[in-house]
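Bear in mind the structure is a predicted one, so any value in this text is a computation, not a measurement. Numbering of ligands and ligand atoms starts at 1, following listing order.
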Amino acid sequence: MDSIKITRETHSKNKTIGGMNLNLRCVVCGKTYGNDVLYTCPACGPEGILDVCYDYEQIQKKFRPEIVAKRPQDIGRYQELLPINGTHQLPPTKIGWTPIFDAAKLASALSVAHLFVKDEGRNPTASFKDRASAVGVAKAQELGFTDIACASTGNAASSLAGAAAAVGLRSTIFVPESAPEPKVMQLLIFGARVVRVKKPATEITAYEAAYDLCTQACERYGWYNRNCAINAYLVEGKKTCGLEIAEQMQTDMPDWVVVSVGDGCTIAGVGKGFAEMQRLGWIAQQPKLLGVQAEGAAPIAKTFFAGGELVPARGDSIAESIAVSKPRNWRKAIHAIRESNGTMIVVTDEEILQAQQLAARLGGVFGEPAGVAGIAGLKKAVAAGVVPSSASVLVVVTGSGLKDISAVRRTLMMPNAIEGEMKALERFLH
Ligand SMILES: *Cc1c(COP(=O)(O)O)cnc(C)c1O
């Protein structure tokens with residue numbers, strides 16, 4: 001295992017990497033560290049998720065709209081607000097700068113004055129997660145790692161496999177044995193090594209077993225761990241969505257921004273992006289955040305309203321990408337929502353499936369269930385008077401429905417075939 005030692009030594013030599021002015025602050029105890037801590041707070045353990053803090057006064061000097069406007073249209077344009085040394089180690093596959101469009105028909109169906117959709121399905125592997133994986137692989141290379149790993153069945157895994165392939169890192173992905181074949185194929189096509197983990201005889205789920213095995217393997221073999229739950233840098237990638245909305249909408253910022261919530265990193269990242277853009281003078285005010293969870297997996301929403309520590313919930317929903325029973329980034333998520341004066345809402349699977357059709361038929365955007373949960377949440381929030389009808393709202397559609405059509409199969413049926421004759425067509429149409 002000599003190669004492992006080499007990876008580790010390379011890493012420790014690079015400890016005080018670069019001239020980046022950033023600190024890591026624990027969200028539990030508030031203690032700050034330099035950038036020599038790899039994952040969570042050494043004092044608080046796994047609960048002690050770190051937050052990256054920058055020197056904004058320094059950044060403000062260079063980070064101006066007229067300068068940024070001339071840069072390439074991907075997440076690298078926000079280089080001063082990313083925890084990496086330059087943009088050369090980001091994947092060249094154009095991650096970010098996804099379009100925002102005015103969805104007027106959808107707005108009237110939801111009874112809201114203005115509705116904008118930001119379509120994250122336009123990223124290289126068709127979800128929001130590409131933003132985090134991009135920063136993950138850049139950071140891994142900077143720190144001297146040759147391998148990167150994660151445990152996931154879904155978008156985190158495919159985005160990591162794609163980003164690692166694009167920069168030439170080896171990726172190992174731990175998935176529960178039950179992960180559906182199309183999802184596993186998405187990983188294999190990028191050359192990822194896929195480890196399928198069986199459900200243990202104990203209480204824990206196959207996913208948790210895969211997660212634990214991934215953590216152990218990263219320690220044992222010296223791989224970089226791409227897991228938002230412990231890796232503070234990944235949220236910085238997710239933050240670029242908030243930075244982008246602020247840049248793209250600048251003078252026309254929406255009153256509300258709606259994001260679906262699983263682990264909580266996405267909404268925390270988007271909120272952090274708005275807070276930074278306000279601090280840097282790009283926008284006057286932060287939009288309110290509406291966080292949407294699925295009924296079968298709503299522990300963050302529960303804690304948001306009840307207060308106290310998070311109690312793990314069931315984790316089942318048709319919206320697999322947000323069906324998280326033990327979310328790790330709930331503190332950051334709740335903090336971001338409160339700071340924005342926003343709130344949360346819970347939707348049923350039925351409402352999510354309806355929203356999926358609504359978004360496709362009235363908005364022309366096909367999102368996966370977790371991707372359109374925000375639309376279901378907005379509909380409910382407007383009906384409940386939580387979001388006023390006069391509001392201007394932006395919904396982030398977080399992932400494309402084309403990746404896995406199994407949810408669609410639940411609501412729609414394959415039409416019967418007909419003879420290729422007008423008579424048969426007439427019968428079919430009537
Ligand atoms: C991961 C994911 C989310 C939620 O992000 P969290 O950071 O887990 O809250 C939402 N939608 C899609 C499509 C995702 O893949």
Sequence-distant partners of Trp282, ring-ring contact (aromatic ring centres under 6.0 Å, His included), two or more places apart:
Phe63

Hits for ring-ring contact (aromatic ring centres under 6.0 Å, His included) against Phe190, two or more places apart or cross-chain, chain-then-number order -> none

So which of Arg331, Glu339, Lys332 actually passes side-chain hydrogen bond (donor to acceptor under 3.5 Å, both in side chains) with His335?
Glu339

Output, or 'none' if empty, a list of ligand 1-protein atom pairs in which both atoms are N or O and the distance is under 3.5 Å, rounded to 0.1 Å.
residue  : atom   : partner : partner atom : Å
ligand 1 : 5 (O)  : Thr266  : OG1          : 2.7
ligand 1 : 7 (O)  : Lys238  : NZ           : 3.0
ligand 1 : 7 (O)  : Cys265  : N            : 3.1
ligand 1 : 7 (O)  : Thr266  : N            : 2.9
ligand 1 : 7 (O)  : Thr266  : OG1          : 2.9
ligand 1 : 8 (O)  : Asp263  : N            : 2.7
ligand 1 : 9 (O)  : Gly262  : N            : 2.8
ligand 1 : 9 (O)  : Asp263  : N            : 3.2
ligand 1 : 9 (O)  : Gly264  : N            : 2.8
ligand 1 : 11 (N) : Thr398  : OG1          : 2.6
ligand 1 : 15 (O) : Lys129  : NZ           : 2.8
ligand 1 : 15 (O) : Asn155  : ND2          : 2.8

Do we get Arg226 above Tyr233's six-membered ring, with its NZ or CZ under 6.0 Å from the centre and within 45° of the axis?
no

Electrostatic pair Lys379:Glu351 at N-O distance under 4.0 angstrom
no

With Glu181, which residues qualify under salt bridge (charged side-chain N to carboxylate O under 4.0 Å, His left out), at least two apart?
none

